[in-house]
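Before any comments, here is the structure.
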Amino acid sequence: MPQTIVFTGFPGFLGTELLPRVLARAEDATAACLIQAQHAPLARTRVAELTAAEPALEGRIELVEGDITLPDLGLGERYEQLVATTSEVFHLAAVYDLAVPQEVARKVNVTGTAHVLDFAQAAPGLERVQYVSTCYVSGRYPGPFRETDLSKGQRFNNHYEETKHAAEVVVQERMADGLPATIYRPAVVSGDSATGATQKMDGPYFVLRWILRQPKQVAVMPMAGDPESYRFNFVPRDFVVDAIAELSARKDTADTVYALADPDPLTVSELLDLFRELTGKRLIVVPLTTGLAKGAIAHVPGVERLMQIPPEAVDYFTHPTHYLTDHTTAALADTDIRLPDKREWCQRLVAFTRENLAMTSAAMV
């Protein structure tokens with residue numbers, strides 16, 4: 001019987017790059033990408049681009065309209081047909097929006113994940129579920145957060161973090177009951193290390209865009225908290241995709257959680273110094289409390305529109321958690337998968353931002 005790899009989260013930022021890598025190492029399998037109807041035109045474009053670049057993918061990617069918030073994933077009669085042939089499930093779909101309402105976040109991130117797991121567990125030929133979580137299941141836990149940690153009494157910055165934590169709780173409970181799965185927790189996923197390219201301007205791009213949009217050589221940079229006390233953990237998309245492609249292909253990585261994070265991230269102060277150097281701007285840092293910075297963006301007319309930085313993003317520049325990557329470091333030790341040189345990578349982020357100042361930070365929902 002032919003094998004099917006079910007994919008959610010295509011044509012998203014990670015899914016678009018990961019899908020051809022997965023099919024390359026599973027030459028006899030086809031992919032069924034579960035997509036929402038509103039994303040169908042973009043998904044068809046992405047498939048056409050992938051098959052043009054790699055003709056061997058022709059006919060191996062099927063787009064299936066569905067909805068993970070429904071018990072049958074919106075598949076109707078197709079549900080049982082897919083269940084019968086599914087060997088692997090890559091679950092990337094989620095609402096990646098820091099300002100998402102709680103009801104929407106819970107419906108997609110928690111209920112949707114439970115439905116995908118129900119589907120996977122019904123598949124007689126299931127080999128593994130590959131689940132993409134986030135480092136920020138940690139919430140605002142102060143101090144080191146291990147890959148074996150999950151519920152530590154932490155509080156959360158927003159409903160995105162809260163519901164991704166709740167979703168991973170569901171996944172780990174199913175794993176404890178015998179579901180074969182691997183969990184990947186990326187930090188802030190930023191642009192490609194070779195090109196700086198991203199699908200939406202968030203994370204470090206918020207700061208870069210604000211600096212570069214200021215017309216003079218002097219740029220004013222409001223900064224919450226103590227920039228020397230907090231670290232900003234971000235990694236390039238290709239590192240995350242390379243790591244998931246490698247780890248998902250190996251049997252020794254089952255039933256493990258991997259933090260795809262920088263084990264030695266820059267402090268916010270160090271990051272600002274690097275951006276100052278690479279943009280050629282002189283930065284005037286204006287210190288603010290976190291509450292004042294968020295309040296000004298949220299409530300002072302015109303501030304958010306001017307800066308194009310949402311108030312929810314401020315929390316990630318005063319983030320108290322340090323992510324330990326022991327599992328990831330050990331598992332990738334004998335591979336060529338490494339984080340790039342930060343200066344060279346950030347130089348590419350700056351160049352991409354200069355050329356794409358009009359790009360938005362809107363999430364796919």
Side-chain angles (χ1 to χ4, degrees), residues 12-14 94-109 134-140 154-165 186-191 196-214 219-227 230-235 237 265-266 268 271-272 275 279 283 285-321 346 349-350 352-354 356-365:
F13 188 49
L14 291 179
V95 178
Y96 296 101
D97 183 353
L98 302 182
V100 63
Q102 185 178 39
E103 182 179 354
V104 174
R106 182 158 289 278
K107 189 175 182 181
V108 176
N109 294 348
T134 173
C135 275
Y136 298 95
V137 296
S138 67
R140 293 191 67 81
Q154 63 268 46
R155 64 182 181 86
F156 300 99
N157 286 311
N158 47 61
H159 299 311
Y160 166 71
E161 291 182 355
E162 177 190 12
T163 56
K164 286 295 286 185
H165 172 269
V188 173
V189 181
S190 194
T198 185
Q199 189 167 284
K200 62 190 184 85
M201 287 287 188
D202 59 4
Y205 294 98
F206 283 136
V207 174
L208 278 177
R209 186 171 56 181
W210 167 243
I211 292 172
L212 290 169
R213 284 176 59 243
Q214 296 182 62
V220 177
M221 186 69 242
M223 183 51 58
D226 180 0
Y230 297 107
R231 296 178 180 272
F232 187 79
N233 202 312
F234 66 124
V235 291
R237 173 177 66 168
L266 297 176
V268 174
L271 183 62
L272 286 178
F275 285 173
T279 60
L283 298 187
V285 176
V286 179
L288 300 170
T289 65
T290 302
L292 183 58
K294 294 176 69 174
I297 295 172
H299 302 300
V300 176
V303 171
E304 183 172 359
R305 185 171 62 253
L306 173 67
M307 297 190 69
Q308 297 182 20
I309 300 174
E312 295 82 8
V314 173
D315 292 315
Y316 295 90
F317 293 92
T318 60
H319 191 65
T321 313
C346 285
L349 299 186
V350 170
F352 181 84
T353 306
R354 283 189 194 277
N356 297 273
L357 286 175
M359 183 181 285
T360 72
S361 57
M364 291 179 66
V365 181

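These figures come from a predicted structure and were not determined experimentally.
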So does Arg140 get a backbone contact from the side chain of Asn157, meaning a donor-acceptor N/O pair under 3.5 Å?
no
Look only at the side chain of Arg209 and the backbone of Met359, and say whether a donor-acceptor pair between them is shorter than 3.5 Å.
yes
Taking every heavy atom of Lys164 against every heavy atom of Thr134, the minimum-distance pair comes out as CB-CG2, 3.7 Å
Quick one: ring pair (Phe, Tyr, Trp, His ring centres under 6.0 Å) partners of Phe352, sequence neighbours excluded?
none
How close do Val137 and Phe156 get, heavy atom to heavy atom, and via which atoms?
O-CE2, 3.5 Å
Would you mind reporting whether Ser138 and His319 have side-chain heavy atoms less than 4.5 Å apart?
yes
Between Ala224 and Val314, the two heavy atoms sitting closest are CB-CG1, 3.7 Å
Just verifying a value: how many Å separate Phe206 CZ and Ile211 CD1, rounded to the nearest 0.5 Å?
14.0 Å
Which distance, rounded to the nearest 0.5 Å, do you find between the CD of Gln308 and the CE of Met201?
10.0 Å
Tell me every residue that passes ring pair (Phe, Tyr, Trp, His ring centres under 6.0 Å) with His159, counting only those two or more places apart in sequence or in another chain.
none
Donor-acceptor contact present, side-chain Tyr160 to main-chain Tyr136, <3.5 Å
no
Drop me the distance from Thr290's OG1 to Met223's CE, to the nearest 0.5 angstrom.
10.5 Å
For the CG atom of Asn109 and the CD atom of Glu161, what is their distance to the nearest 0.5 Å?
12.0 Å
Just by modelled atom types, is the Leu306 backbone N or O under 3.5 Å from a matching donor or acceptor in the Trp210 side chain?
no
Measuring only between side-chain heavy atoms, which start at C-beta, is Leu349 closer than 4.5 Å to Ser190?
yes
Audit row: Val207, Leu272, side-chain contact (heavy atoms from CB on, under 4.5 Å) steps and yes/no
CA-CA 9 Å; Val207 174; Leu272 286 178; 4.1 Å; yes
For Val100 against Ala105, the heavy-atom pair lying closest together
CG1-CB, 3.6 Å
Is the distance between the ring centroids of Tyr316 and Phe232 under 6.0 Å?
no
Please check: side-chain N/O of Arg237 versus main-chain N/O of Phe13, any donor-acceptor pairing under 3.5 Å?
yes
When rounded to the nearest 0.5 angstrom, what is the spacing between CG in Asp226 and OG1 in Thr289?
13.0 Å
Do His165 and Gln154 come close enough that some side-chain heavy atom pair is under 4.5 Å?
yes
Met307 side, atom CE; Arg213 side, atom CZ - distance, nearest 0.5 Å:
9.0 Å
Taking the side chain as C-beta and beyond, is there a heavy-atom pair between Asp202 and Tyr96 under 4.5 Å?
no
In short, Asp97 meets Ala99 closest at the heavy-atom pair OD1-N, 3.0 Å
Where Gly203 and Phe317 come nearest, the two heavy atoms and their spacing
O-CZ, 4.2 Å
So, do Leu208 and Thr279 sit near enough that their side-chain heavy atoms are less than 4.5 Å apart?
yes
Please lay out, stage by stage, how Asp315 and Lys294 fare under the test side-chain contact (heavy atoms from CB on, under 4.5 Å).
CA-CA 8 Å; Asp315 292 315; Lys294 294 176 69 174; 2.9 Å; yes
Close side-chain approach of Phe275 and Cys346, heavy atoms under 4.5 Å
yes
With a 4.5 Å limit on heavy-atom distance, are the side chains of Asn356 and Thr198 in contact?
no
